[in-house]
2 protein chains.
Amino acid sequence: MAPTSCGRTHDVYDSSCPCRHMLDLLANKWSALALGALEDGPRRFGALRSKLDGVSPKVLTATLRRLEEHGLIDRTVYPAVPLHVEYSLTPLGRDACEPLALLRRWVVDNIERFPQAVLSDPRASVAP
Amino acid sequence: MAPTSCGRTHDVYDSSCPCRHMLDLLANKWSALALGALEDGPRRFGALRSKLDGVSPKVLTATLRRLEEHGLIDRTVYPAVPLHVEYSLTPLGRDACEPLALLRRWVVDNIERFPQAVLSDPRASVAP
DNA sequence: ACCACTGGTTCCCAATGGATACTACGATGG
DNA sequence: CCATCGTAGTATCCATTGGGAACCAGTGGT
């Protein structure tokens, strides 16, 4: 498997391993997009909201809070005239961006190879 | 962005782009684990169920069906004495494994860097 | 007849996701 | 003085999904 410095073996396939929890955090549409959106500098809530087309404020807040709790992003409040809040990557978050960027990139580069039927209708699999 | 052969630009940040839908499929805990579990050869339902520690049969079925519909895995039924079903990667699925393997790998390699508090309790963020 | 094995399905409930509306705060402006 | 705007979210409601446990079908074994 992949032994780590603490001496234990960590395994994403083990449901009781912390790795599983972290995979659950990162292997998530909105997390992957939010971290990617911060790759080229800090962004404010509103900017993220427009960049992550289709996200609702509730879900965006939840995603950002979760990423913050896990040390992937920082949340900085500027109590200026119109209050604004900036989100930025921590070093850990920046590192996490690498595999996520590769995944996003892979999807874009290989999108043509997927069955067309299922691409056109997001809910093609839901039969009445 | 990343223009593709069809002439359109594809963008995972655009909610109406098929890419978004595919990212949603791949940026998912169970998908990432299931594809990884098939990397070194076909596996049967029961084998996947044990490998993906903690998955319920319902969710595993749904995950596998979705991956099959999207052309990432094949489902082969052997109507032999004790019926068995084998799941295997398609070429597309095999290619998709690369970025997913990097992500799983990154998590395992960097797990020690995450805040310990949040690692120990998967639901630390859930207040009364 | 009964149990075990394999590969699921069904049922039910809790958690999550998503859309829409609303709040808090100070600034601006009539 | 009250109304309105921009910013960053909450609140509320409902649909979808995730998850656990039980159950089912087909066959072989005892």
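Order of the sequence lines fixes the chain letters, A, B, ..., with proteins taken first and strands second; residue numbering starts at 1 for each chain.
Scanning residues 26-34 of chain B for heavy-atom distances under 4.0 Å to DNA chain C yields an empty list.
At whole-Å resolution of the value, NZ in A/Lys58 and C1' in D/dT10 are 10 Å apart. In this structure, A/Leu48 atom CG and D/dA8 atom P are separated by 10 Å, rounded to whole Å. A/Leu60 has its CG atom 17 Å from the P atom of C/dT16, to the nearest Å. Following rounding to the nearest Å, B/Leu52 (CG) and D/dG20 (P) show an atom-to-atom distance of 13 Å. Counting to the nearest Å, the C1' atom of D/dG9 and the CZ atom of A/Phe45 are 6 Å from each other. Distance A/Arg20 CZ to D/dG19 C1': 13 Å, rounded to the nearest Å. In this structure, A/Asp53 places its CG atom 16 Å from C1' of C/dG17, rounding to the nearest Å. Rounded to whole Å, the distance from CD on A/Glu86 to P on D/dG9 is 12 Å.
Of the residues near DNA chain C, A/Ala62 and B/His84, the one whose nearest nucleotide (by heavy atom distance) lies more toward the 5' end is B/His84.
Overall, the helix from C/dA1-D/dT30 to C/dG30-D/dC1 carries an axis bend of 30° between its ends, with five pairs at each end and the value rounded to 10°.
Between A/Arg49 and A/Arg44 there is no side-chain heavy-atom pair separated by less than 4.5 Å. Under the 4.5 Å side-chain criterion, counting only non-hydrogen atoms from C-beta, B/Leu83 is not in contact with B/Tyr78.
Across D/dG19, C/dG8, C/dG17, the shortest atom-to-atom separation from the side chain of B/Val59 is found for D/dG19. Among the nucleotides D/dG20, D/dG9, C/dG18, the one closest to any side-chain atom of A/Val85 is D/dG9. In this structure, the nucleotide among C/dG7, D/dG9, C/dT20 sitting nearest to the side chain of A/Arg65 is D/dG9.
In terms of phosphate contacts, A/Arg44 brings a side-chain nitrogen or oxygen within less than 4.0 Å of OP1 or OP2 of D/dA8. The side chain of A/Arg75 places an N or O atom within less than 4.0 Å of a non-bridging phosphate oxygen (OP1 or OP2) of D/dG9. For A/Tyr87, a side-chain nitrogen or oxygen approaches OP1 or OP2 of D/dG9 to under 4.0 Å. Regarding contacts with the backbone of C/dG7, every side-chain N or O of B/Arg43 stays at 4.0 angstrom or more from both OP1 and OP2.
A/Ser15 is linked by a side-chain contact (heavy atoms from CB on, under 4.5 Å) to A/Arg20, B/Asp53, counting only residues two or more places apart in sequence or in another chain.
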Stepwise side-chain hydrogen bond (donor to acceptor under 3.5 Å, both in side chains) check, B/Asp14 with B/Ser16: CA-CA 5 Å; B/Asp14 177 0; B/Ser16 63; 2.9 Å; yes
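The two residues B/Ala32 and B/Arg104 come nearest to each other via the heavy atoms O-NH1, 3.1 Å.
Remark: A/Cys19 SG to B/Asn110 CG distance equals 10.0 Å, nearest 0.5 Å.
For A/Ser31 (side chain) and A/Ala27 (main-chain N/O), no donor-acceptor pair under 3.5 Å exists by modelled atom type.
Taking the six-membered ring for Trp and thresholds of 30 and 60 degrees, A/Phe45 and A/Tyr87 have ring planes inclined between 30 and 60 degrees apart. A perpendicular orientation is assigned to the rings of B/Trp106 and B/Phe114, their planes being inclined by more than 60° (bins at 30° and 60°).
Hydrophobic clustering, with ILVMFWY side chains joined whenever heavy atoms are under 4.5 angstrom apart, groups B/Val12 together with A/Leu60.
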